Amino acid sequence: MRVIRNLALLALMSAPAVWAQSLFAAASIVAEQAPQEVWWKHAVIYEIYPRSFQDSNGDGIGDLNGIIERLDYLQSLGVDAIWLSPIYPSPQVDFGYDISDYEAIDPQYGTLADFDRLIAEAKKHNIRVIMDMVMNHTSDQHPWFIESKISRNNPKRDWYVWRDGKGPGIPPNNWESVFGGSAWKYDPTTKQWYYHKFYAQQPDLNWRNPAVEKAMFDAVRFWLDRGVAGFRLDAIPTLFEDPQFRDEKPLGGTNAFGDPILDDNYTNDLPEVHDVMRSLRKVVASYPGNRVLIGETYLPNIQELDKWYGGASHNELNLPMDMLIGFIDKLDANLFRERIDDVETKIHGNQPLIVFDNHDNPRSWNRYGDGVHDDAIARVLAAMLFTVRGTALMYYGEELGMVTTPPARVEDVKDPVGKVGWPKDKGRDGERTPMQWSDSTDAGFSTAATTWLPVTPDYTTVNVQTEEANPNSMLNWYKKLIEMRRTDPALHDGALTMLDRTNPNVLSYLRKGPPGSPSVVVALNFTAQSQTVSLDLAGIGLSGNSVKTLLTDAPSLQSATSLKQIELPPFASWIGSVQ
Ligand code: GLC
């Protein structure tokens, strides 16, 4: 089981429509546009792991100029915004999530001038750029931490979380790092311990110190001034820790690192974080153009997720990620129906952000695939991602059907957690392999003799060039879905209503068309058996049985005519308009 998922699981174990523009009356956020014009509400946001996307200078590592070279591709796919995982200067222990300077670019990836060019070129392609912002911790090589370590009375001492141990060699409490072992590291110079939720090279900032907030908000302004469209906030629920530093409760059992599994009440999702989110929202909303705040929010339930929007006040994050749908990890139609219903009805009309893939989890191809119908299953997930009512977040290579390729040998592991957790947890290299552009050397990713992670062997067939030429490829499935979502009024903004609610095998729903436009029905077979469904619109107060297929991967369904009898082959996807 994967590290970041452990965090999510702990969260799960520990706890069980229309936007009201008037609620945004506060002067500081009047710059936001009317909700119907907000770009991110209908966006497809594409996560790029810059190290692995496109290498432009032959060193085996992707870079900003490489991303610029691929903007035409991203535009042809239909992407509205790219989120770049961290490109700031960093010792790269956690591949950029350990930042040593918040206001510069790591030379591995380019320069600030390259970054400015990326923003400008992306704009020409109608693509916005979203930065990753890591506020929970810095690198241990950040000047703030280097100062903080000097002495107990250094002015930066209180920027981090320092505590006395319980005795010689005994940390202050039982808190554990997400990446294994104690979350405390002893500093022999000052004879105290510092807290690190993640790697020891990622000391946690002390958000109870107002100077930390000020410094971090200055960094936010630095990038907003340069024209970024917003931020993805890394590990944001972990900003605060219990002020009494109480031990976490053991839940029984051990994790992949052999550590006891603990509750996370005192180290995750503390209420204080919401004050920071409200302040941050004001900073971001004071800029024109509807900049967006996205959160990495693994949460136990929909009620907790709603809080991250600010609930009915809509004054925290615009798009906290819904990890409750995309990480179900089994095709259970009832569970998907329930979770989609939840975002429809329990988040105060806020906008859902649906996601199946990222750089921390095995690709959905492998998490949902059964080894036999993987391609069809991936199409079901994509059909859902782009046809439910929500903003869609995707991860590079997902559109090709790229697979998770973990290292074969521990000595090849790059992600430190994979060395600690080997072989139970092989780390996250498997979902970070280079983008597969073509069947030429290094899959067109690089010209280097070796790339930072090896290219997955299936690149000779799974690649952009080959798939562009095949009308039935996964890439063209994605393109058609994204195009349909952009152009079809029902899919664009129509209300979602579940159909055939008690069917345990098929997920089906309707997106209501505005007056004069047909509604759209989606039916997805979640099983390896053929399923026949009879969908009844009268039950939801609508009329019409005649349908016309808009998109399907089942040739037999191309000519479907009636909602009364839709015969879905195993794991088939069908999208049709009601005539
Ligand atoms: C987030 C990132 C992950 C990183 C961790 C610590 O979960 O997505 O890649 O290791 O935070 O910054």
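We count ligands from 1, going down the list as the structure has it; atoms in each ligand are counted the same way. The basis for the numbers below is simple: all heavy atoms, side chains too, and nothing from hydrogens, waters or symmetry mates. This one's a predicted model, so the numbers in the text were calculated from it and none came from an experiment.
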Problem - Partners passing side chain to side chain donor-acceptor pair (under 3.5 Å) against R157 (at least two apart in sequence or in another chain) - result: T190, Q192

Handout entry: Element-labelled atoms of ligand 1 that are located less than 4.0 Å from some non-hydrogen atom of F198
Key = 5 (C), 6 (C)

Fill in the blank from the handout: Ranking N361, D132, D360, I236 by closest non-hydrogen atom to atom 3 (C) of ligand 1, top hit is D360

Exercise for the section: Indicate whether the side chain of N136 and that of D204 have a donor and an acceptor atom separated by less than 3.5 Å. Expected result: yes

Exercise for the section: May I ask which of D234, D415, D98, N136 has a heavy atom nearer to atom 1 (C) of ligand 1 than the others do? Expected result: D234

Handout entry: Within-shell test, R432 vs ligand 1, heavy atom, strictly < 4.0 Å
Key = yes

Practice task
Report yes or no: does R428 have a heavy atom closer than 4.0 Å to ligand 1?
Solution key: yes

Handout entry: Heavy-atom neighbours of K419 NZ exceed 12 at 6.0 Å
Key = yes

Fill in the blank from the handout: A student checking ligand 1 against H137 at a 4.0 Å heavy-atom cut-off should list atoms 6 (C), 12 (O)

Practice task
Assess the side chains of H314 and N350: does a donor N or O sit below 3.5 Å from an acceptor N or O?
Solution key: yes

Practice task
With sequence neighbours left out, write down each residue that passes side chain to side chain donor-acceptor pair (under 3.5 Å) with D332, or none if nothing qualifies.
Solution key: none

Handout entry: Heavy-atom gap R232 to ligand 1 smaller than 4.0 Å
Key = yes

Exercise for the section: Between Y298 and ligand 1, find which residue part has any heavy-atom pair under 4.0 Å and reply side chain, backbone, both or neither. Expected result: neither

Handout entry: Y199 to ligand 1, any heavy atom closer than 4.0 Å
Key = no

Practice task
With K426 as the cation and W422 as the aromatic partner, state whether NZ or CZ is under 6.0 Å from the six-membered ring centre and within 45° of the axis.
Solution key: yes

Handout entry: Contacting atoms of ligand 1, where contact means under 4.0 angstrom from a heavy atom of D94
Key = 4 (C), 5 (C), 6 (C), 10 (O), 12 (O)

Problem - Whether W39 side chain and N290 backbone form a donor-acceptor pair below 3.5 Å - result: yes

